[in-house]
Protein chains: 2
Amino acid sequence: MIVNKKQACQEALVHRILTLDIQPGSTLDETLLSEEYGLSRTPLREVFQKLAGDGYLMLNENRGTKVSSMDLTSMRNFFQSAPMIYAAVARLAAENAVGQQIEDLKHVQSLFRRAGEESETQDMAMHNHRFHRIIGEMAGNPYLSPSLNRLLIDHTRMSQMFYKPINSKERLLVWEACDQHDAMIEAIEKKDPGTIVNLTIKHWELSRDKIEKFVRPDPLDVDMGLQQAGE
Amino acid sequence: MIVNKKQACQEALVHRILTLDIQPGSTLDETLLSEEYGLSRTPLREVFQKLAGDGYLMLNENRGTKVSSMDLTSMRNFFQSAPMIYAAVARLAAENAVGQQIEDLKHVQSLFRRAGEESETQDMAMHNHRFHRIIGEMAGNPYLSPSLNRLLIDHTRMSQMFYKPINSKERLLVWEACDQHDAMIEAIEKKDPGTIVNLTIKHWELSRDKIEKFVRPDPLDVDMGLQQAGE
DNA sequence: ATAATACAAATTGTATACAATTACAATACA
DNA sequence: TGTATTGTAATTGTATACAATTTGTATTAT
């Protein structure tokens, strides 16, 4: 079996970045990684350039390569542009999707559902990522896809955080998201742009609320610390 | 004076691509260009990777790098997504622009107007390109800017074609576009998102009509070829 | 004459040595 | 004690030699 070491390295890095195995903002060591993936520095640097172009990494002249950070500004920009891009891409996907792509989407969705059933949160996030990238491919618009893909990078990295602790209440939300995926597939098959845009907005709002809930959880009872003293 | 050869090479290539000096779809010769810009192939290839990431070039494994093509599909996708992205970016620009950026924008606009007065069509296209990129920078949304910048690449390349032959009727359209730029600057200074979105749509429609007119010119008189024979 | 094959040339990809730059630590100085 | 300064180590950038792949051409067989 012939494998392309360079491509394997690239995919491995993408996976490690999306799963937060390599944290946002952390520096990548050329020498270390080139040894780890059995490449010399030249092709590894080309991988870096490619991943930087896709928005995974940031190259800083003479001072190394960092994983794209996720600070407050990024989050604000993310929430500002995600719904518009997601909706636009979904509409185009419904208009332009071809058979093979729909098959791929169904397959990834089945993997996503299974990961949900088995509470494999990391797999869930990755299959979800792939699901939405396929929708991007269906849209087939090279002017929009770079924006979509950048949004998905950060969306997936965020979801790694909030998928983790699943209580029974939150578990219901997972099934809801999963069912939305199914409905989206159906709308794409029927080439129904109106429906998929609505579904996409709902899907976005579900995810957004989940993120918001994670960032701003229910506050602790203000009396908590006072009970003993006050009682 | 210290110059960064690599960066100079990159900027030169961008300029040559945007001005159609290197045509869409044409292949780039690594050896030739590395000699031309006094670099070895390694850093030149890194420039290629960067420009490919920005949408100027396409890298094909083991079969060279080509300038991004502009075929019928690209055009369709372009017209489909440009208004949405332009409008969204303009709105964010009005909301987020800072003083220095507004100064830069005014300066580029003065260069654009002068180029128009002197009918330097190539300069016009390039200053116009810079004008709209600055608006992209003002928006400061890293999720949208890659889409905007890709649109601008192809928009500028198209405008190289249709700016060229300026008759007195078309000249008026140039002044109209120029005045729209001024109005846009004003709206940005006033932080007036509503106005700039409207202006941007109008500006887009003007440009779109111009492209359409170029692609589908007034047809020749159908009797032209028959006059002699029929008379 | 056409198609298939083999060989040569050109092009692209990778490894490695070397140069340039930055980061860090030790020392000198205020 | 705190701040410059210098030298050294580590990291990043570039050139070049070499390997792999593709492209073009000539030769052979059908």
Side-chain angles (χ1 to χ4, degrees), chain A residues 1-17 20-69 71 142 153, chain B residues 1-17 20-69 71 142 153:
Chain A
M1 180 173 157
I2 303 155
V3 288
N4 187 337
K5 278 194 295 185
K6 195 168 159 186
Q7 196 175 319
C9 165
Q10 184 178 308
E11 283 166 14
L13 284 177
V14 165
H15 191 272
R16 291 179 65 181
I17 292 168
L20 298 177
D21 178 40
I22 312 179
Q23 293 203 337
S26 57
T27 307
L28 300 183
D29 187 320
E30 284 185 4
T31 315
L32 210 70
L33 286 171
S34 65
E35 284 168 9
E36 190 170 338
Y37 292 103
L39 296 162
S40 70
R41 280 178 53 229
T42 310
L44 181 71
R45 282 166 66 90
E46 297 202 342
V47 169
F48 281 5
Q49 305 270 351
K50 163 76 172 144
L51 294 183
D54 288 348
Y56 293 95
L57 304 178
M58 301 288 290
L59 305 179
N60 304 94
E61 194 135 337
N62 285 316
R63 51 193 65 187
T65 307
K66 288 191 198 309
V67 177
S68 294
S69 62
D71 50 23
I153 290 170
Chain B
M1 179 172 156
I2 303 154
V3 289
N4 187 337
K5 279 194 293 184
K6 196 168 158 186
Q7 196 176 317
C9 165
Q10 184 177 307
E11 284 165 12
L13 284 177
V14 164
H15 191 272
R16 291 179 65 181
I17 292 168
L20 298 177
D21 179 40
I22 312 179
Q23 293 203 338
S26 57
T27 307
L28 299 184
D29 187 321
E30 284 185 5
T31 315
L32 209 71
L33 286 172
S34 66
E35 283 167 10
E36 190 171 338
Y37 292 102
L39 296 161
S40 70
R41 280 178 52 230
T42 310
L44 181 70
R45 283 167 64 91
E46 297 202 342
V47 169
F48 282 5
Q49 305 269 350
K50 163 76 172 143
L51 293 184
D54 288 348
Y56 293 95
L57 304 177
M58 300 289 289
L59 305 180
N60 304 95
E61 193 133 338
N62 284 317
R63 50 193 67 186
T65 40
K66 289 191 197 309
V67 176
S68 294
S69 62
D71 50 22
I153 290 170

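Source: prediction; values computed, not measured. As a basis for the values below, the full set of heavy atoms in this structure was taken, side chains included, without hydrogen atoms, waters or symmetry mates.
Picking from D/dT11, C/dG13, D/dA15 the nucleotide with the shortest atom distance to the side chain of B/Lys5 gives D/dA15. The side chain of A/Pro43 approaches C/dA15 more closely than any other nucleotide in the set C/dA15, C/dT22, D/dT14.
In this structure, B/Asn62 places its CG atom 13 Å from C1' of C/dA10, rounding to the nearest Å. Rounded to a whole Å, the CD atom of B/Glu61 is 19 Å from the P atom of C/dT11. One can place CG of A/Leu44 at 14 Å from P of D/dT11, the figure rounded to the nearest angstrom. Rounded to whole Å, the distance from CG on A/Leu33 to C1' on D/dT12 is 14 Å. Distance NZ (B/Lys66) to P (C/dT12): 9 Å, rounded to an integer number of Å. At whole-Å resolution of the value, CD in B/Gln10 and P in D/dG13 are 13 Å apart. One interatomic measurement links the two molecules: CD of A/Gln49 to C1' of C/dG13, which rounds to 15 Å at whole-angstrom precision. Rounding to whole angstrom units, CG of residue A/Leu57 and P of D/dT12 are separated by 13 Å.
At C/dA15, one or more side-chain N or O atoms of A/Ser40 fall inside 4.0 Å of OP1 or OP2 (strictly under the cut-off). Side-chain nitrogen and oxygen atoms of A/Lys6 include none within less than 4.0 Å of the OP1 or OP2 phosphate oxygen of C/dG13. B/Arg45 has no side-chain polar atom (N or O) that falls below the 4.0 Å cut-off from OP1 or OP2 of C/dT12.
Comparing A/Leu39 and A/Arg63 against DNA chain C, the residue whose closest nucleotide sits nearer the 5' end is A/Leu39.
A donor-acceptor pair under 3.5 Å is absent between the side-chain atoms of A/Thr65 and the main chain of A/Leu28, judged by distance alone.
B/Arg41 contributes a side-chain N or O that forms a donor-acceptor pair with the base of C/dG13 under 3.5 Å. Side-chain N/O atoms of A/Thr42 and base N/O atoms of C/dT16 include a donor-acceptor pair closer than 3.5 Å.
The local environment of CD in A/Glu36 is crowded, with over 12 non-hydrogen atoms from other residues, nucleotides or ligands closer than 6.0 Å.
Heavy atoms only, all atoms of each residue included: A/Ser34 and A/Leu44 are closest at N-CD2, 3.6 Å. Counting all heavy atoms, side chain and backbone alike, A/Tyr37 lies closest to A/Lys5 at O-CD, 4.1 Å. For the pair A/Lys66 and A/Gly25, the tightest heavy-atom approach, listed with the atom from each and the gap, is CD-O, 3.5 Å.
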